[in-house]
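Just so it is clear, the values below take in all heavy atoms, side chains as well, and ignore hydrogens, waters and symmetry mates. Numbered from 1 within each chain, the chains take letters A, B, ... in sequence-line order.
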Protein chains: 2
Amino acid sequence: MAVTIRDIAKEAGVSRGTVDRVLHKRKGVNEEVAKRVQAIADEMGFTPNLAGKVLARRKQPLRIGCLLPSIGNPFFDDVIAGFRQAERELSDFGVILDITQIKSFDLNAHLKEIKHLEAKHYDGVCVTTLDVQPVIDAIDRIAESGTTVVTVNTDIDSSHRLFYVGPDYYLEGKTASGLLQLCSKTQKRVLIVTGSFNMKGHQERIRGFIEGLQEHGADYVVIDTVESLDDDTIGYERTRACLEQHEDINCIYLTAAGVQGACQAVKDLGRQDSLRIFSFDDVPITRSLVKEGVITFTICQQPKRQGYDAIQKLFTHLMNQQDPIVDTITQTIIKIRENIEE
Amino acid sequence: MAVTIRDIAKEAGVSRGTVDRVLHKRKGVNEEVAKRVQAIADEMGFTPNLAGKVLARRKQPLRIGCLLPSIGNPFFDDVIAGFRQAERELSDFGVILDITQIKSFDLNAHLKEIKHLEAKHYDGVCVTTLDVQPVIDAIDRIAESGTTVVTVNTDIDSSHRLFYVGPDYYLEGKTASGLLQLCSKTQKRVLIVTGSFNMKGHQERIRGFIEGLQEHGADYVVIDTVESLDDDTIGYERTRACLEQHEDINCIYLTAAGVQGACQAVKDLGRQDSLRIFSFDDVPITRSLVKEGVITFTICQQPKRQGYDAIQKLFTHLMNQQDPIVDTITQTIIKIRENIEE
DNA sequence: GTGAAAGCGCTAACAT
DNA sequence: ATGTTAGCGCTTTCAC
């Protein structure tokens, strides 16, 4: 049977109240006594019982605020599903989630919502946001106010976020390069359609891809790299223009959204049989294009797990089951027609 | 704030004890009263609080017995890791796991250990065992004695197991066929090295593979299908014999263990560059062969998740948070050199 | 057949 | 500075 606060109290010859004070490093305890109690607790291998803790502080629910740039971006549906599952499982433990969704990557929108988060004084905060200085400053302010901050899906360069849960974008790119190498014998003539040159994740996917090809000693040439700005119309036009100009392109590497547009250009030009197309993530549009056989591989990052794990880990931390705090890098998942869901 | 037993009691004008009796369908309650209380509970949307339950029944820990044919089979290390993680997370809730490991697939060993499981009268039991009639009967006996039985990794054809957590072996095979199709242009001349014709999982992997090739309209021929009996020496000899006899084999499909032996034969004959090798699972030997570039793809099934989810779901059920009971089919994960761990 | 009370481990408010 | 107590939601025991 596990050690309880009672056991420690008896062993130390003090009351449970005192033990509680010591364990929470609250003051108002004689130093001698505190030391002795702590020593006994350590020695007996005390770990507080979660059920007991939860029940005791049930009137003050644990409030967690989330922020996602998810409006209009179906990728985040799965992250939210993960949030919701964690919330359901933790609802008996008094956890309440507030999810704020904003549209895309507008700096001011992010700053404004982060201000709101700060004002709400959450116990914990879980965000996907922009990795730029003003945002970092705003985040750090929240952290300093006593709220635990964690990042999901996209990390920010802040010493104050407790941990990150998300993919390794570089590895995703490298994995794409490995697959291309396996399924093509001839020279690879690649068109890269990226989302934005300003998005670190997109850039990392390109870097991993290129460096992977180089490590393989692959015979490749990048014909062009264009931005879709995550927009189908732009994706369509730029892809089409490139394909028309370069008859010999045999691979399209799509690092972000705009997939539907790019693939439509391929179809309109009747080139789908002479092209290997790589994309990222498993959203309705990529899924159906994979099933159609237009996209060969789509490389995924366990978005639901990201949401779920981020909240679970945050909860665990807030209940101070102090395990070592490490980032969680989700797996790089290769999906083809056969192993994509449904 | 969530509805509690107290709320119901007050609303119904009875004591908490009575409400508890009704909710547990224990007798000793006037039928009229029972009906009314139940109606009120339903109406108010009562769901019992996990923390409260756990704490109340803390003197009788929840005992779960596990059985795995894992001795000498590193695959199960991850399943066990999943068990252990779940056990750690649930230890505050009074969960205790007993893991029994046996060597391989000897019928009598399985029967003997299942007898032991029965004698222990666990609250729940989680097994990987043989899908044959004597075992099924033994399992059903446990289930009828009031213990909840679930299967992990390999299902059994028993109406009494509550749910199954594990892979879809057929889909794994199909995924392999899809990959082969993608990375080979010429006629596929395949050697199948399976574990045992008696193992349903291995057979399903073959069936999925073949049917997948057929659906693709692939140009293929299965040169031979041999058993390794999960043994490296046998795997070596039979693979070598086949390869020597058939110079034109260009693909080896390894459905089970014996991988090291088979690959050694390939190496000894200097054929690794002219062969695509597919294997299953991410164990030390497949992992190192993938990294070496000998195995191209290894197709995995989230073994750690299997162990973790099986215990978590079992726990949830035993605490009668009655969600709908469905099997959990783990994902089919493609690993290549780039995205395999480490 | 039903109510009342104790207790699981912990925290917080109150008392000394 | 320390001890005592009530109470979180639930189960169980005991009393009526």
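- Between K35(A) atom NZ and dA1(D) atom P the separation is 15 Å, expressed in whole Å.
- Proximity of R26(A) to the phosphate of dT11(C): no side-chain N or O atom is located under 4.0 Å from OP1 or OP2.
- The 12-atom threshold is exceeded at CD of E144(B), counting heavy atoms of other residues, nucleotides or ligands nearer than 6.0 Å.
- An OP1 or OP2 oxygen of dC8(D) is reached within less than 4.0 angstrom by a side-chain nitrogen or oxygen of R6(B).
- Taking atom CD on E31(A) and atom P on dT2(D), their separation rounds to 11 Å, with Å as the unit.
- For E11(B), the side-chain hydrogen bond (donor to acceptor under 3.5 Å, both in side chains) criterion is met by no residue, not counting sequence neighbours.
- We find that R161(A) and D327(A) are joined by a salt bridge, their nearest charged nitrogen and carboxylate oxygen being less than 4.0 Å apart.
- Note: NE2 (H24(A)) to P (dC10(C)) measures 10 Å, nearest angstrom.
- For Q60(B), counting side-chain heavy atoms from C-beta on, the closest listed nucleotide (dT12(D), dT2(C), dC8(C)) is dT12(D).
- When the side-chain nitrogen and oxygen atoms of R58(A) are compared with OP1 and OP2 of dG9(D), one or more of them lie within a distance under 4.0 Å.
- As rounded to whole Å, 14 Å separates atom C1' of dG9(C) from atom CG of N49(B).
- Taking 4.0 angstrom as the limit, S15(B) places none of its side-chain polar atoms (N or O) nearer than this to OP1 or OP2 of dT2(C).
- Atoms CG (D20(A)) and P (dG3(D)) sit 13 Å apart, rounded to a whole Å.
- One can place CD1 of I8(A) at 11 Å from C1' of dG9(C), the figure rounded to the nearest angstrom.
- The residue F93(A) sits apart from the nucleic acid: no heavy atom pair falls under 4.0 Å.
- Residue N30(B) has its side chain nearest to dT2(C) when only dT2(C), dG3(D), dC10(D) are considered.
- Scanning atom types as modelled, one donor and one acceptor separated by under 3.5 angstrom connect the side chain of R21(B) and the base of dG3(C).
- Contact check for N49(B) versus R58(A): side-chain heavy atoms found under the 4.5 Å cut-off.
- Between V54(A) and K27(B), the residue anchored closer to the 5' end of DNA chain C is K27(B), taking for each the nucleotide with the nearest heavy atom.
- Here the side chain of R16(B) is nearest to one of dT11(C), dA5(C), dT2(D), namely dA5(C).
- Across dG3(C), dT11(C), dG9(D), the shortest atom-to-atom separation from the side chain of K53(A) is found for dT11(C).
- Across the protein-nucleic acid pair, L55(B) atom CG and dC10(D) atom P stand 12 Å apart, rounded to whole Å.
- Taking atom NZ of K10(B) as the reference point, atom P of dG3(C) lies 15 Å away to the nearest angstrom.
- Salt-bridge formation is detected for the pair E87(A)/R84(A): a Lys NZ or Arg NE/NH1/NH2 atom is positioned less than 4.0 Å from an Asp or Glu carboxylate oxygen.
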